[in-house]
Asker: 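This is the structure I have questions about; it appears just below.
Numbers here are sequence positions counted from 1.
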Amino acid sequence: MKELILALFLFISTETGYNTDNLEVPQIYFLPQTELEAKYTKENSPVGSDLFAFYDLENDIIYLRDTWNIHNPWSKSVLLHELIHYVQD
């Protein structure tokens, strides 16, 4: 996973104006859908959405659904999206 994140950092720095040279690899947690939604909404009752991931700005943590698959291109694009939020922070 670390290698993928570093490769995505390189992509982000090459394709955008963001400098990723000195960034730490963010913490990433995998959660079941209901826990992911509860953490996102900060409630104990999930909303039943299609939430797949989010970046926790306050704690610099990326949360991914536990069905995330490193071999799936769409899953990688979700991680890229959340990493861009991390880099922008």
Asker: Flag the pair Ile12 / Leu80 as yes when at least one side-chain heavy-atom distance between them is below 4.5 Å, and no otherwise.
Answerer: yes
Asker: Step by step, would you call Ile84 with Val87 a side chain to side chain contact (heavy atoms under 4.5 Å, CB included)?
Answerer: CA-CA 5 Å; Ile84 289 174; Val87 170; 5.6 Å; no
Asker: Same cluster for Leu8 and Leu10 if Ile/Leu/Val/Met/Phe/Trp/Tyr side chains link at under 4.5 Å?
Answerer: no
Asker: Determine whether Tyr55 and Asp89 make a side-chain contact, defined as any pair of heavy atoms from C-beta on separated by less than 4.5 Å.
Answerer: yes
Asker: For the pair Glu24 and Tyr86, evaluate side chain to side chain contact (heavy atoms under 4.5 Å, CB included) and give the outcome as yes or no after the intermediate values.
Answerer: CA-CA 10 Å; Glu24 301 273 332; Tyr86 174 74; 4.1 Å; yes
Asker: Quick one: do Leu51 and Thr41 satisfy side chain to side chain contact (heavy atoms under 4.5 Å, CB included)? Show the steps, please.
Answerer: CA-CA 11 Å; Leu51 183 68; Thr41 61; over 6 Å; no
Asker: Is there side-chain contact between Arg65 and Leu31, with heavy atoms separated by less than 4.5 Å?
Answerer: no
Asker: Keeping the roles fixed (side chain from Gln27, backbone from Ile61), state whether a donor-acceptor pair exists under 3.5 Å.
Answerer: no
Asker: Does some side-chain heavy atom of Glu35 sit less than 4.5 Å from a side-chain heavy atom of Lys39?
Answerer: no
Asker: If you take all heavy atoms of Tyr18 and Gln88, which pair is closest and at what distance?
Answerer: OH-NE2, 3.1 Å
Asker: Under a 4.5 Å cut-off applied to non-hydrogen side-chain atoms, are Asp66 and Leu36 in contact?
Answerer: no
Asker: Once you round to the nearest 0.5 Å, how far does CG of Asn19 lie from CZ of Phe9?
Answerer: 11.0 Å
Asker: Ignoring hydrogens and angles, state whether a donor on the side chain of Tyr40 or Asp56 is under 3.5 Å from an acceptor on the partner side chain.
Answerer: no
Asker: Measure up the Tyr63 and Phe54 rings against each other and bin them: parallel (under 30°), tilted (30 to 60°), perpendicular (over 60°).
Answerer: parallel
Asker: If you take the centroid of each ring, where Trp contributes its six-membered ring, are Trp74 and Phe52 closer together than 6.0 Å?
Answerer: yes
Asker: So among Leu6, Leu4, Ile5, which one has a side chain to side chain contact (heavy atoms under 4.5 Å, CB included) with Lys2?
Answerer: Leu6
Asker: Taking C-beta and beyond as the side chain, do Pro26 and Leu83 meet within less than 4.5 Å on heavy atoms?
Answerer: yes
Asker: What are the two closest non-hydrogen atoms of Met1 and Leu79, and how far apart are they?
Answerer: SD-CD2, 4.1 Å
Asker: Start with the C-alpha gap between His85 and Ile62, add the side-chain angles, then the distance that decides, and say whether side chain to side chain contact (heavy atoms under 4.5 Å, CB included) holds.
Answerer: CA-CA 9 Å; His85 289 303; Ile62 293 174; over 6 Å; no
